[in-house]
Amino acid sequence: MSTKPPPATHRLGPQLGEVIDRTRPLRFTWDGAPHEGYAGDTIASALAAGGVRTFSRSFKYHRPRGILTASFHDPGCIVQAGDEPNVRAAHRRVEAGASVTPQNVWPSLRFDVRSANRAVSRFLPPGFYYKTFMKPERLWPTYQKVLKRFASGGRVSATAAIGYFDKRYAHPEVLVAGGGPAGMAAAVAAAEAGASVMLVEEEYDLGGHLRWGGAEELAFLAELRAAVAAQPGIEVLTNSAVTGRYDDNWVAVLQRGLPQHRERLIKARVGTLIVAPGLIERPYVFEGNDTPGVMLSTAVRRLIKLYAVRPGERAVVLSANADGDAAAADLERAGVQVAEVVDARRGGDVVRVRGSRSVAEVELGDGTKVACDLVVMAVGWTAPTGLLNMAGDRPAYRPEAARFLPGESLAPNVLAAGGLAGDGSLDQLVEHARAVGRRAATGEGAVPDLEVHAHPALFRGRTHGMVDLSEDISSKDIVAAAREGYDSVELVKRYTTVTMGPAQGKLETVNAVAVLAEATGRSIQATGTTVWRPPHVPITLGALAGRMFEPVRHSPMQSWHEAHGAVPLVAGQWIRPDRYGDPGAEVRNVRERVGIIDVTPLGKLDLRGPDVPKLLNQLYVNKWSKLEVGAVRYGVMCAEDGVVLDDGVTGHLGPDHYLMSTTSSGAATVWEWVESWLQTERREWRVHVTPVTTAYASINVAGPNSRELLGRLSDDVDLSSEAFPYMRVRTGSIAGVGSCFMWRIGFTGELSYEIHVPAAYGLHVWEALLDQGADLGAAPFGVEAQRIMRLEKGHAIVGQDTDGLTQGYGAALDWLIKLDKDDFAGKTELAWQHERGGYPMLVGLHPTDGSVVPDEASQIVDARNHIVGRITSSRWSPTLGRSVCLGFVARHLTEPGTVVTVQLPDGRRITAAVTPELASFDPEGVRLRG
Amino acid sequence: MADPIARSPIAPLPPLVLRDGWEVSERRSTADLTLADLTPMPKLLVRGIGALRVPFGRAERDGTTLVIGSGPGEWLALGGHPRLEAGGELVSVVDLTHGRALLRLSGAGAGSVLAKLCAIDLSERTTPDGAAFRSSVAKLVTDVVRDDCAGTRSYLLHCERSSGQYLFDALLDAGAEFGIEPTGADLR
């Protein structure tokens, strides 16, 4: 293999308007071999300058593919650049040191074994995969392996660095999609009228078709560029594309090539959208039209004028319009021998092209055969109406112009400009665009009409050829599909996959519709097109994802937990300490000495106002009118269907002032539930609710030494059992921090105090507790140890020991539900539940073999293998030296002592007995009330 | 026992100093775009129809106190005690000094940074100086006040306390391309 790049045999001398910088040569590799280009070259133009003609192999038949359009949409120029697959080589600028390789070739570009598909092509008609590779099912893995070899697309690297993708919101008053002369003129006019403007252009430079025009057009382009630059209100985004227009002008823009980001998605709410994409040149359908060397006239002009590349040696030009004629003139000026200009306006035609790897000869309509290596087509234009369609318009086909034009139902905040809107001289189109820009900015001003010029309707010649070069669908395939009954355009699309390639129909749809119309004897208007959907251009998954915004919540003691090796537990948005070491040891320390746990995520709602007791009575199942100041009560909330919603304790802190606690996971739900009642059901109640969950760091100090420990840190609160009994709340200072409150409650079943400290002092108090309590055995315990202890005490956890069907009585709450209250949420349903009975109940369960800890959610079954319950909570109890569980069992099995059968996930069955109380440890609560 | 130290949910960048009992950052950045943690500022939530006159969606200064109309019949007063209107409705005042994290994003590029995280139209015509709104910033419910300083665009952002570090990090991440720097705050 050569180590020197091939000579630039096809590079021309300086061209007016060229975008290459001849002072900056770049080296890169193509298919392993070194190549050279200039800064400003695209990958394809740099390769073409060195005489490369084949860039890829086609999808199904692996036919060689070359340059067709020399633009972003070129179907044959999709390559792998380093780690990046599916790079548009005819658009992407070449980079120094890049390693570019062809896609979809095996073993090589020159010799692709899979082109043998051509030999069996009659067995691979469109839709063949709907009829094959189905049976037998056991061969699917084999089919997969084989098909993978033949599937197209590049390689995704498993080791490539993860890119940085982010998004941006924008609110431009005017967004112009397309930076050609019309787009630029509209943007300038809108900015002059005072609007903020975003101008989005697919190419790296503004200018559209003016860029490859003559001296006059280039001079005008310079004026327009200067006018845009002079407007500070225009934000120009080049190498970017509008990917979709959604309801109410919500527009997605894909911005590429930023220094730190490969692609950025901009979500814009646009005042007025101006669609000015220009027209896309359409390929002609004939035998051999996909051979390397067959190009569009715009491709030829781009190669010559922008990149100073000679597209071939000897050309035949099929021209139906002035652009085709101009391309022929450009070719001659570039030193290409123009053997023949076939005028389609006078009936001239191209019948077929011959040549296996590259064009060798073309057969004309009059029968003559001309040897050549370049065939140039200029047979017409396709209007890319996608954005208009997305805005609700139905563009209409105009047979005299052989293209679609905007319809009548365009939304008032979407306007069309440039070639999309009509025809005319450059001056006429620019004047029209300026009027559109003014109207977009101000809502006023008349927009002149544009003429529609006649153009010959040329879609398919006399032979069958490729309609979709990406999907390898020929016109013959479309005719066959119609014959099979797939005769509507939507069916043909899905059956043959025509227009479903990377260009998404921009180069294929009109030809496909024309062929189908011909095959079914209908007009193009009657056949219609498929639906245009976003994205208009491909967009990476990274750009769609953007930054992963996942709010995280940390308690004030988080840094301490991390520094002391706490195993993190993800609980919703919170990160909590699950354990610091052995949870069993933590449990023992709490039951024997004293432990502290960070329970900051516990929901806390500050309730103020004279009507708070009414609220509490309405939302809790028990009674609240007589809760004195300084007292705390446990309550359970049920929803209107009687299902247990949440539980917690609420304390009466002072006159018209209560603090409600909820479960950690229920904090937001309960707040919304409370606000919903106050704002909609009982608007006359005077209550203010403020969530203060994170305004306080909450610490549970639990264990026989907890009173002693807290006493060392609190001067102004009498902690004696008489002064501060169980289920009371006191306010005071802890470790020098004022405005703390503490209540005596007991989730763990030990003497314990839940202290709530203004959050900024959380870490200070936590450290003071451990420091002051060292000789008392003070140590932290985590969520897991707390779960074990509460289970030993039989305390249910809402959402774990209850589910979406557990109504109040089923959760063993009959002692709490006060049906004699006037009204409360869920009362009707609970009364009915109580009356009808027969519901499954939550009970305590001890496995007969205390060494077996059944998995949570293990089913409980009866003798006939029916499910009669399940285990909801299950742990090994270090305190009791055996397993303890909570679970639901059918009503007839709830008698204490009843033995039930538990089926473990591995299929084993064990027995367990219903305990007399939910609590397995200290059911009288002696330790709590000390 | 050591004197209590108050800490923000946002880890302060060294050098650290103790000011009014709060552990804060002494760092002062001279960058054009800065992000400062103002969490130690006193914050009071005032509820009650007609309790204050600042309209919903606006922020106004009452002396050194910034009163933000954050919701109907709801205000957040930053930096001091607002003077309440006398009236018959229930009025409550809850101290949320510890319950909210508060940041200030300052610089000509402040709007560009926020536009990467928040879908609200930040243009002059929609969100001028003194505008207050509550929206999603990096998927976090956040209150935003445009509070320009000496002609330089500036935003106050506050969220519930435990997500303060997350919001701070999200703003630094979004501002990296504009050269944002964290800075200590003069708490006024």
Side-chain angles (χ1 to χ4, degrees), chain A residues 166-171 173 196 258-261 264 267 269 546-547 549-556 558-559 573-574 600-601 606 608-611 656-657 686-697 712-713 735-739 757-765 767-768 771-772, chain B residues 1-9 11 21-23 39-40 43 45-48 73-74 89-101 112 114-126 136-141 159-167 169-170 173-174 176-177:
Chain A
D166 65 1
K167 294 183 192 169
R168 189 191 133 192
Y169 293 94
H171 302 81
E173 285 161 311
S196 56
L258 293 158
Q260 288 118 312
H261 318 78
R264 166 183 282 166
K267 296 182 177 182
R269 179 72 71 186
R547 304 298 281 148
F549 290 134
E550 289 174 322
V552 178
R553 307 175 79 169
H554 289 136
S555 101
Q558 174 67 16
S559 57
Q573 289 181 345
W574 288 96
T600 300
D606 181 289
R608 299 192 188 212
D611 293 326
D656 291 350
H657 186 200
R686 288 161 303 160
V687 178
H688 288 158
V689 185
T690 307
V692 291
T693 301
T694 59
Y696 291 96
R712 294 180 185 181
L713 274 77
V737 177
S739 307
V757 169
Y761 295 106
L763 183 58
H764 165 80
V765 171
E767 288 178 329
D771 182 59
Q772 291 291 306
Chain B
M1 221 180 329
D3 275 337
I5 297 174
R7 294 179 176 88
S8 159
W22 285 80
E23 189 178 69
T39 298
K43 309 172 204 68
L45 182 74
V46 178
R47 301 278 298 275
E74 183 190 311
E89 299 289 335
L90 169 66
V91 174
S92 63
V93 180
V94 177
D95 189 328
L96 286 186
T97 302
H98 293 261
R100 315 286 292 168
S112 303
L114 199 51
K116 288 173 65 177
L117 305 174
C118 180
I120 298 295
D121 184 355
L122 300 170
S123 68
E124 205 56 53
R125 69 177 184 272
T126 306
S136 161
V137 175
K139 292 231 166 52
L140 181 69
V141 175
C159 65
E160 66 81 24
R161 175 209 216 321
S162 63
S163 297
Q165 184 74 59
Y166 166 83
L167 182 62
D169 293 341
D173 178 71
E177 73 174 284

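Proteins get letters first, then strands, A, B, ... in listed order; numbering begins at 1 in each.
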Revision key, fill the gap. Okay, Ser92(B) and chain A: the region with an atom under 4.5 Å from a heavy atom over there is both
Point to revise | Considering all heavy atoms, the nearest Gly736(A)-Pro4(B) contact | key: O-CG, 3.5 Å
Review point. Is there a side-chain contact between Leu117(B) and Phe549(A) (heavy atoms, below 4.5 Å)?
Key: yes
Review point. Non-hydrogen atoms of chain A under 4.5 Å away: do they reach the side chain of Leu90(B), the backbone, both or neither?
Key: both
Review point. In terms of heavy-atom pairs under 4.5 Å, which option from Gln558(A), Arg686(A), Glu767(A), Arg264(A) contacts chain B the most?
Key: Arg264(A)
**Study point:** chain A contact via Cys159(B) - which portion, at a heavy-atom distance below 4.5 Å
**Key:** neither
**Study point:** Region of Arg125(B) in contact with chain A, defined by heavy-atom distances below 4.5 Å
**Key:** side chain
Practice item. Select one option (side chain, backbone, both, neither) describing which atoms of Pro9(B) are under 4.5 Å from chain A's heavy atoms. Key: neither
Study note, to complete from the structure: For Arg7(B) and His764(A) the tightest heavy-atom approach is NH1-N, 3.8 Å
Revision key, fill the gap. Per-residue tally against chain A (heavy atom, under 4.5 Å) across Gly73(B), Ser162(B), Gly99(B) peaks at Ser162(B)
Practice item. Check whether Leu140(B) gets within reach of chain A through its side chain, its backbone, both or neither, counting any heavy atom under 4.5 Å. Key: both
**Study point:** Residue selection (most heavy-atom pairs with chain B, distance under 4.5 Å) from Arg168(A), Arg608(A), His688(A)
**Key:** His688(A)
Review point. Can you check whether Thr694(A)'s main-chain N or O pairs, donor with acceptor, with His98(B)'s side chain at less than 3.5 Å?
Key: no
Exercise for review: Could you tell me which portion of Lys167(A) (side chain, backbone, both or neither) has an atom closer than 4.5 angstrom to a non-hydrogen atom of chain B?
Suggested key: backbone
Point to revise | Separation between NE2 of His554(A) and OH of Tyr166(B), rounded to the nearest 0.5 Å | key: 12.0 Å
Review point. Taking C-beta and beyond as the side chain, do Leu258(A) and Glu177(B) meet within less than 4.5 Å on heavy atoms?
Key: no
Study note, to complete from the structure: Honestly, the part of Val765(A) sitting under 4.5 Å from a heavy atom of chain B is neither
Review point. Under the 3.5 angstrom rule, does the side chain of Arg47(B) hit a backbone N or O of Val689(A) as a donor-acceptor pair?
Key: yes
Review point. Quick one: what part of Val137(B) sits under 4.5 Å from any heavy atom of chain A, side chain, backbone, both or neither?
Key: neither
Revision key, fill the gap. Heaviest contributor of heavy-atom pairs below 4.5 Å to chain B, chosen from Val737(A), Thr600(A), Thr690(A), is Thr690(A)
Review point. Is the shortest side-chain N to carboxylate O distance from Arg269(A) to Asp121(B) below 4.0 Å?
Key: no
Practice item. Counting only heavy atoms closer than 4.5 Å, note whether Asp173(B) contacts chain A via side chain, backbone, both or neither. Key: both
**Study point:** Toward chain A, the part of Ser163(B) with a non-hydrogen atom under 4.5 Å
**Key:** both
Revision key, fill the gap. Max heavy-atom pairs within cutoff under 4.5 Å with chain B, candidates Ala760(A), Gly762(A), Pro758(A), goes to Ala760(A)
